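Working notes for the structure below.
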Amino acid sequence: MARKARSEMIAETRTKLVSAAREAFGTIGYAQTSMDDFTASVGLTRGALYHHFGDKKGLLEAVVKQIDGEMDIRLGHISDAAAGMWEGFVERCQAYLAMALEPEIQRIVLRDAPSVLGNAYAQSSQSHCLATMANTLQKLMIDQVIITTDHEALARMLNGGLMDSAFWIANSDNPDAELAKAMQSVSIVLNGLLVKKD
């Protein structure tokens, strides 16, 4: 039997660690997760974790990046499937808020990541999302769908509001009720951007 290439073995080890950590972080949370338990569950050692990710915090960052990437792909599909650019933008904002009810996203991305990784990570992880939003807003302004203003500033305002609302929903004792309030509010805000037709 042919031996696996070193790069393939490294990729497999990283995948195993991220997968095991994601399962543990998503079910019992970052603080309660024992590095020895989840590394042993996939036949690896704590040393493998240190070698590939530096520490438990580095592994959390890798898990959050993976989930962020998946969220972005899902949101992209929503935009692409919509009737038009404006509808896609609105549906994307609503879907992002609704994701705050999903247990894995709620626990890992919206609860543990901000407290463990801090604001610097949240800001860097949002750079792609901000660029996508700013680009969409600029196109909507050019097409005279929404009022004209600085598209980058507007993207920051909307993105910040959506993120803060998602944190609020995820950390609430009644997330379904808070989501309903956030959905109503985001609808009012977004509709306020539309160019008024005569």
Side-chain angles (χ1 to χ4, degrees), residues 1-79 92 94-132 159-160 162-179 182:
M1 189 161 90
R3 293 185 61 188
K4 293 180 182 176
R6 179 168 165 73
S7 59
E8 189 179 345
M9 290 172 62
I10 289 170
E12 278 185 14
T13 299
R14 287 181 65 87
T15 299
K16 282 182 183 179
L17 286 167
V18 170
S19 178
R22 183 169 173 171
E23 173 68 23
F25 296 159
T27 53
I28 60 174
Y30 177 84
Q32 301 303 317
T33 296
S34 160
M35 291 189 292
D36 291 327
D37 288 347
F38 80 76
T39 53
S41 75
V42 289
L44 297 169
T45 65
R46 189 188 281 225
L49 184 152
Y50 290 138
H51 175 73
H52 290 281
F53 299 100
D55 56 14
K56 185 178 171 185
K57 186 175 172 180
L59 185 54
L60 175 63
E61 187 170 347
V63 169
V64 173
K65 281 182 179 175
Q66 184 180 70
I67 296 171
D68 273 348
E70 292 169 5
M71 289 170 68
D72 195 51
I73 289 168
R74 287 171 59 191
L75 293 170
H77 289 318
I78 288 166
S79 297
R92 186 181 178 114
Q94 292 169 336
Y96 175 78
L97 290 176
M99 287 178 183
L101 294 184
E102 296 178 24
E104 183 182 59
I105 292 171
Q106 197 174 83
R107 184 185 288 268
I108 298 173
V109 178
L110 300 173
R111 289 186 187 158
D112 287 343
S115 62
V116 176
L117 302 175
N119 287 338
Y121 176 75
Q123 289 170 357
S124 69
S125 74
Q126 290 300 309
S127 60
H128 175 72
C129 185
L130 271 171
T132 301
N159 187 66
L162 289 167
M163 279 185 62
D164 192 61
S165 295
F167 291 135
W168 173 55
I169 294 163
N171 290 285
S172 169
D173 291 333
N174 192 350
D176 290 302
E178 309 306 12
L179 175 61

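Values in this document were obtained by computation on a predicted structure and should not be read as measured data. Residue numbers run from 1 in the order of the sequence given.
- Between the NE2 atom in H52 and the NZ atom in K16 there is a gap of 10.5 Å [rounded to 0.5 Å].
- Considering every non-hydrogen atom in both T13 and A48, the closest pair reads CG2-CB, 4.4 Å.
- Side chain of D164 to backbone of G160: no donor-acceptor contact under 3.5 angstrom is found.
- S115 contributes a side-chain N or O that, together with a main-chain N or O of D112, makes up a donor-acceptor pair within less than 3.5 Å.
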Evaluate the criterion salt bridge (Lys or Arg N to Asp or Glu O under 4.0 Å) for residue pair E70 and R22; output intermediate values, then yes/no. CA-CA 13 Å; E70 292 169 5; R22 183 169 173 171; 2.6 Å; yes
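- Taking CD of E61 as the start and CD of Q66 as the end, the distance is 13.5 Å to the nearest 0.5 Å.
- Residue E178 holds its CD atom at 12.0 Å from CG of L97, rounded to the nearest 0.5 Å.
- The line from CG of N174 to CG of L179 is 10.5 Å long, rounded to the nearest 0.5 Å.
- Going from atom CG of L130 over to atom CG of N159 covers 4.5 Å, rounded to the nearest 0.5 Å.
- Judged by distance alone, the side chain of T39 and the main-chain N or O of M35 form a donor-acceptor pair under 3.5 Å.
- Inter-residue side-chain proximity for L59 and D55 is flagged as unmet; no heavy-atom pair is nearer than 4.5 Å.
- Side-chain atoms of S172 never come within 3.5 Å of backbone atoms of W168 as a donor-acceptor pair (strictly under, hydrogens ignored).
- Residues R107 and Y30 form no side-chain contact, since every pair of their non-hydrogen atoms from C-beta on lies 4.5 Å or further apart.
- Using a 4.5 Å heavy-atom threshold, the side chains of L101 and D176 count as touching.
- Going from atom CG of L110 over to atom CD1 of I67 covers 9.5 Å, rounded to the nearest 0.5 Å.
- With a 4.5 Å cut-off on side-chain heavy atoms, R92 and T132 count as touching.
- For K56 (side chain) and T33 (main-chain N/O), a donor-acceptor pair under 3.5 Å exists by modelled atom type.
- Counting only heavy atoms from C-beta outward, the side chains of F53 and L60 never approach each other to under 4.5 Å.
- The aromatic rings of F25 and F38 sit perpendicular to each other, their planes meeting at more than 60°, with 30° as the lower class boundary.
- Nearest heavy-atom pair across A166 and A100 is O-CB, 3.7 Å.
- Between R74 and M99 there is a side-chain heavy-atom pair separated by less than 4.5 Å.
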